[in-house]
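What follows is a set of notes on a single structure, which appears directly below.
Within every chain, numbering begins at 1; the chains are lettered A, B, ... in the order of the sequence lines, protein sequences first and strands thereafter.
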2 protein chains.
Amino acid sequence: MSETKLSQIRRRNDPTNPTPRKSERTRQAILDAALKFLWTQPFRDLTVGKLMSLAGTSRSSFYQYFQDLHDLMETLLCGLEEDIFGVAAPWLQGEGDPIPLLEETMEGLVRVCYQQGPILRAVADAAPMDERLEKAWADFLKDFDDAVTDRIEQHQAAGLIKPFDARPIAISLNRMDAYLLIHHFGRRPRGNRESVREAILRVWILTLYGDKPLAESVPGSRAKRHAKPSRSKNS
Amino acid sequence: MSETKLSQIRRRNDPTNPTPRKSERTRQAILDAALKFLWTQPFRDLTVGKLMSLAGTSRSSFYQYFQDLHDLMETLLCGLEEDIFGVAAPWLQGEGDPIPLLEETMEGLVRVCYQQGPILRAVADAAPMDERLEKAWADFLKDFDDAVTDRIEQHQAAGLIKPFDARPIAISLNRMDAYLLIHHFGRRPRGNRESVREAILRVWILTLYGDKPLAESVPGSRAKRHAKPSRSKNS
DNA sequence: TTAGTATATGACACAATGTCAGAAACAAAG
DNA sequence: CTTTGTTTCTGACATTGTGTCATATACTAA
């Protein structure tokens with residue numbers, strides 16, 4: 001008996017298995033349904049009932065896969081965190097002239113958040129309602145604060161950035177990013193990718209490398225922009 | 001009959017009335033109870049039942065005074081907004097050397113939030129759960145973004161601040177303030193007033209007036225602080 | 001004291017959660 | 001194809017919290 005059972009378990013857990021277990025398909029259906037819902041409605045309107053009717057199974061089966069809605073959000077957050085740290089690698093870890101690296105990183109950040117904005121928004125919305133999720137969200141932010149702080153300090157040691165207390169600046173920049181990305185990409189209709197990217201990039205460069213001569217090689221930035229920039233008071 | 005009725009109403013609405021109406025006392029008791037609760041517990045644990053048992057009346061009477069918990073939070077937010085705009089006046093509207101004005105404003109901001117931190121935190125926590133409150137909170141933030149943006153642009157016109165796009169910087173600074181104030185003063189035990197004040201002030205001055213020689217007149221800052229500042233990596 | 005209004009209360013209907021025992025679907029072995 | 005053991009799904013239930021309403025109680029001014 002034990003051999004048989006073990007082989008079943010082995011097969012079942014094999015990720016290359018061509019026919020994934022039913023449970024995996026259902027689980028994915030729930031995640032897809034959640035995403036679909038959050039593209040058009042805020043997290044506060046999501047209930048287990050609505051979600052599962054979207055996913056096409058009964059309400060109670062939700063609890064086979066997730067403890068509750070916040071647990072589900074935590075799952076989505078984990079995926080997002082990987083993606084974001086992936087695209088942030090150039091500036092956080094790359095070598096060479098930091099400004100092109102920063103451009104690449106922000107380009108990627110905007111791309112990822114443009115695609116997954118609702119997750120960002122929904123997690124931020126849901127976090128205060130659940131202790132665990134609140135912790136996960138705080139850690140997520142803190143990981144970025146730490147990474148950015150370290151990078152600033154490295155660049156300061158290398159003379160690329162003026163010596164100031166790095167952490168508050170890192171926090172400031174990260175909170176602005178979070179606000180802008182959630183605000184513009186958190187729900188449909190989404191804001192303009194290019195303008196968000198440019199706004200974020202401009203502030204980072206100005207804040208960190210502002211005393212250096214600005215490279216005009218920013219891809220996508222219009223040719224001349226030396227006059228007082230158009231006041232972007234659109235909230 | 002109409003005279004009698006009117007005089008009652010007049011008396012009742014007179015704020016200088018030595019014996020305020022019962023309803024006013026109850027209303028205040030509810031607000032006090034809410035504040036007391038929020039000093040020690042997060043908004044997510046607040047229910048109408050708990051609140052009213054703290055306030056000393058029955059659960060259902062809550063609804064005579066507020067539509068729901070979010071409506072109550074909105075009331076608390078309004079009070080806070082007044083206080084904050086009050087203390088922010090020096091830098092936002094004052095005349096003269098901007099750095100002492102900024103110091104005064106940040107001193108006041110920290111003082112007010114030290115005293116009312118839980119309101120700030122609870123409103124921020126509760127906002128995503130209610131459309132109206134979300135709007136009120138967004139407006140609250142936007143009012144600040146607007147005011148700071150205007151002030152930066154005025155100082156830019158006067159040559160006190162270098163010419164850059166003011167709004168993203170204003171947003172960045174405001175979001176950092178919100179984060180730090182909520183993080184350190186949003187619940188007990190609260191963080192250190194002085195260190196928060198210094199951190200915020202440093203970033204604002206560095207960001208806005210960074211190219212100017214720094215006045216060492218910051219009240220409360222220790223005499224010499226020219227070496228690399230102690231890395232404040234305490235989250 | 002009383003009349004009339006203001007305030008407070010308990011009972012109710014409703015919505016959503018999370019659990020559980022049993023039903024149904026599935027997949028491997030005979 | 002059937003059997004058998006396991007996985008997955010489901011409806012019913014108990015629980016918690018909300019907001020409303022008719023009615024009871026407590027005020028206040030005359």
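S172(A) meets the side-chain hydrogen bond (donor to acceptor under 3.5 Å, both in side chains) test with S172(B); sequence neighbours excluded. Residues that satisfy the salt bridge (charged side-chain N to carboxylate O under 4.0 Å, His left out) test with R59(B), not counting sequence neighbours, are absent from this structure. Residues satisfying the side-chain hydrogen bond (donor to acceptor under 3.5 Å, both in side chains) test with D83(B), not counting sequence neighbours, are Q116(B). Considering only residues two or more places apart in sequence or on other chains, K135(B) meets the salt bridge (charged side-chain N to carboxylate O under 4.0 Å, His left out) condition with D139(B). Remark: R151(A) pairs with Q154(A) by the side-chain hydrogen bond (donor to acceptor under 3.5 Å, both in side chains) rule, at least two apart or across chains. Residues that satisfy the side-chain hydrogen bond (donor to acceptor under 3.5 Å, both in side chains) test with Q41(A), not counting sequence neighbours, are absent from this structure.
Listed by first and then second residue, the salt bridge (Lys or Arg N to Asp or Glu O under 4.0 Å) pairs that reach into residues 60-79 of chain A are E74(A)-R132(A), sequence neighbours excluded. Sorted by first and then second residue, the salt bridge (Lys or Arg N to Asp or Glu O under 4.0 Å) pairs involving residues 116-129 of chain B (not counting sequence neighbours) are E134(A)-R121(B), R121(B)-D125(B). Applying the salt bridge (Lys or Arg N to Asp or Glu O under 4.0 Å) test to residues at least two apart or on different chains, none of the pairs has a partner in residues 178-192 of chain A.
Between the CG atom of L51(A) and the P atom of dT17(C) there is a distance of 10 Å, given to the nearest Å. Distance, M52(A) CE to dA16(C) C1': 15 Å, rounded to whole Å. Atom-to-atom, CD of Q64(A) to P of dT17(C) comes out at 17 Å; the value is rounded to the nearest Å. In this structure, R44(A) atom CZ and dA16(C) atom P are separated by 15 Å, rounded to whole Å. With rounding to whole Å, I30(A) atom CD1 is found 12 Å from dT8(D) atom P. Look at CZ on R25(A): it is 10 Å from P on dT8(D), rounded to the nearest Å. The distance from atom CZ of R27(A) to atom C1' of dC9(D) is 17 Å, rounded to the nearest whole Å.
Contact between the side-chain N/O atoms of Y65(B) and the OP1/OP2 oxygens of dA8(C) is found at a separation under 4.0 Å. Phosphate contact (OP1/OP2 of dA8(C), side-chain N/O of S61(B), threshold under 4.0 Å): absent.
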I'd like a list of close polar pairs between nucleotides 21-25 of chain C and the protein, N/O only, cut-off under 3.5 Å.
none

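Residue S58(B) is in base contact, counting any heavy-atom pair closer than 4.0 Å across all strands shown.
Two end axes, each from the C1' atoms of five base pairs, can be drawn for the helix from dT1(C)-dA30(D) to dG30(C)-dC1(D); they diverge by 0°, to 10 degrees.
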Contact pattern, 5' to 3', of nucleotides 14-23 of chain D - B, S or - by protein heavy atom under 4.0 Å: ----BBB---
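Remark: D146(A) engages K142(A) in a salt bridge, criterion side-chain N to carboxylate O under 4.0 Å.
Using the six-membered ring where Trp is involved, Y114(A) and F185(A) have ring planes that are perpendicular, over 60° apart on the 30 and 60° scheme.
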